[in-house]
Amino acid sequence: MRIARKLRTDKRSKMRVKADVLATKVILQIDNLSLKLSHVEARRVATTLEKAVNIQLTHREKTISSSSSTQQVLVEPEQKEELPVLTTLDRRLEICRYIYQVIKEKHQDIPKYKVSKINPFRAEKTCNSTSLGHAFAHCHNQSRGKYKYRICIKQKMLLNPLYRQQPRYPIQGTNLNDVFENLADMMSHEMAHLKITRCSHCKKWRARYEQLHKTIITSIRNGEFFKNMPDNLKESKT
């Protein structure tokens with residue numbers, strides 16, 4: 001008489017496993033499907049199923065871990081670096097330095113940007129001159145020496161960029177009531193001198209000045225200038 005022993009019943013999947021002891025068969029019954037396996041086949045199936053389950057569990061753990069860490073990053077508020085509060089003089093000086101970098105991006109032949117090369121004028125401290133006279137700024141376009149490629153800016157110009165004596169070379173279409181555009185105009189003027197060294201305000205210099213001026217004014221007016229500008233340098237237009 002054949003003896004079959006029921007080993008497990010899973011009601012949720014309607015699966016039954018029986019061992020036919022005398023016939024040495026393992027019977028796997030799922031719904032209306034019934035499989036008779038030898039003990040070798042059953043062992044292989046069991047091993048394969050165990051591996052599949054382990055793979056699934058491992059993948060599930062990694063997915064949950066990755067998901068939880070992602071959610072944690074999203075939940076945590078982004079910490080912005082606090083920018084220092086600048087005085088008016090320091091802020092305007094930093095704006096001039098930023099203008100230099102914006103122009104330099106479009107005109108690679110301009111001398112390399114260095115913070116130390118753009119300074120407020122201080123006689124015998126940042127400059128070898130004793131006075132700027134009526135000029136708003138001047139540049140040292142020598143390629144050698146302590147003051148090479150340095151731009152010195154009158155402090156009065158930095159504190160009040162709208163202060164302008166009658167410009168010797170006015171540019172048509174420039175909004176002279178805008179702080180940024182006045183500083184940009186002054187920086188374009190001096191940066192042109194960095195490249196045109198054999199004459200003061202000749203046609204060759206003027207052509208270079210207008211080229212640099214157009215670059216920075218266009219950037220300011222189309223808003224590109226303000227995209228990467230540090231927040232502590234932004235000012236309301238007057």
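The chain is numbered in sequence order, starting from 1.
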Worksheet entry | Val85 with Leu159, same ILVMFWY side-chain cluster at under 4.5 Å | no
Discussion item. For the backbone of Lys114 and the side chain of Tyr100, can you confirm whether one donor and one acceptor N or O come within less than 3.5 Å of each other?
Written reply: no
Worksheet item: Can you tell if the side chain of Pro161 reaches within under 4.5 Å of the side chain of Met186, non-hydrogen atoms only?
Response: no
Worksheet item: Do Trp205 and His189 touch side chain to side chain, with heavy atoms closer than 4.5 Å?
Response: yes
Fill in: Smallest separation among heavy atoms of His140 and Leu194, with atom names
O-CD2, 4.1 Å
Worksheet item: CD of Gln101 to CD1 of Ile103: how many Å apart, nearest 0.5 Å?
Response: 11.0 Å
Discussion item. Please evaluate residues Asn232 and Arg91 with respect to the criterion side-chain contact (heavy atoms from CB on, under 4.5 Å), reporting the C-alpha separation (whole Å), side-chain torsions for both, the decisive distance (0.1 Å), and the verdict.
Written reply: CA-CA 8 Å; Asn232 62 344; Arg91 182 172 65 254; over 6 Å; no
Worksheet item: Counting only N and O atoms by type, is there a donor-acceptor contact under 3.5 Å from the side chain of Lys154 to the main-chain atoms of Phe121?
Response: no
Practice prompt. For the residue pair Met191 and His107, establish whether any side-chain heavy-atom pair is separated by less than 4.5 Å.
Written response: no
Worksheet item: Mind checking whether Arg208 and Asp109 have side chains closer than 4.5 Å, heavy atoms only?
Response: yes
Practice prompt. Applying ring-ring contact (aromatic ring centres under 6.0 Å, His included), run through His201 and His193 and close with a yes or a no.
Written response: CA-CA 9 Å; His201 296 103; His193 282 305; 4.9 Å; yes
Worksheet item: Does the side chain of Glu94 come within less than 4.5 Å of Ile118's, by heavy atoms?
Response: no
Practice prompt. Output yes when a side-chain donor or acceptor of Ser188 lies under 3.5 Å from a complementary backbone atom of Ala184, and no otherwise.
Written response: yes
Worksheet, complete the sentence: The reported gap from CE in Met187 to CZ in Phe180 (rounded to nearest 0.5 angstrom) is 14.5 Å
Item to complete: Enter the distance from Thr197:OG1 to Asn141:CG here, rounded to the nearest 0.5 Å.
Response: 5.5 Å
Item to complete: Would you check if Glu181 and Arg221 make a side-chain contact, meaning some heavy-atom pair closer than 4.5 Å?
Response: yes
Discussion item. With rounding to the nearest 0.5 angstrom, report the CD1 to CZ distance, Ile99 to Phe225.
Written reply: 4.5 Å
Practice prompt. Before giving the answer on side-chain contact (heavy atoms from CB on, under 4.5 Å), spell out for Lys117 and Ile151 the whole-Å C-alpha distance, their side-chain angles and the decisive distance to 0.1 Å.
Written response: CA-CA 6 Å; Lys117 296 302 181 182; Ile151 296 176; over 6 Å; no
Worksheet entry | Nearest-0.5 Å distance that lies between atom CG in Leu158 and atom CG in Asp90 | 9.5 Å
Worksheet entry | Note, Leu212 side chain near Ile216 side chain (heavy atom, < 4.5 Å) | no
Worksheet item: Is any NZ, NE, NH1 or NH2 atom of the basic residue among Glu210 and Lys214 found under 4.0 Å from an Asp or Glu carboxylate oxygen of the other?
Response: no
Discussion item. Could you tell me if the side chain of Cys152 sits less than 4.5 Å from the side chain of Asn119, heavy atoms only?
Written reply: no
Worksheet entry | Flag, side chain of Lys204 to backbone of Ile196, donor-acceptor distance under 3.5 Å | no
Discussion item. Taking Thr215's backbone N and O only, do any of them form a donor-acceptor pair with Lys106's side chain (distance below 3.5 Å, no angle check)?
Written reply: no
Item to complete: Calculate, to the nearest 0.5 Å, the distance between atoms CZ and CD belonging to Arg150 and Glu190 respectively.
Response: 14.0 Å
Worksheet item: Should Leu233 and Phe226 be marked as a side-chain contact (heavy atoms from CB on, under 4.5 Å) after you check the CA-CA gap, both sets of side-chain angles, and the distance that decides it?
Response: CA-CA 10 Å; Leu233 301 187; Phe226 302 99; over 6 Å; no
Item to complete: May I ask you to decide if Ile220's main-chain N or O and Glu224's side chain share a donor-acceptor pair within less than 3.5 Å?
Response: no
Practice prompt. Taking all heavy atoms of His213 and all of Asp185, pick out the closest pair and write down the distance.
Written response: CD2-OD1, 3.3 Å
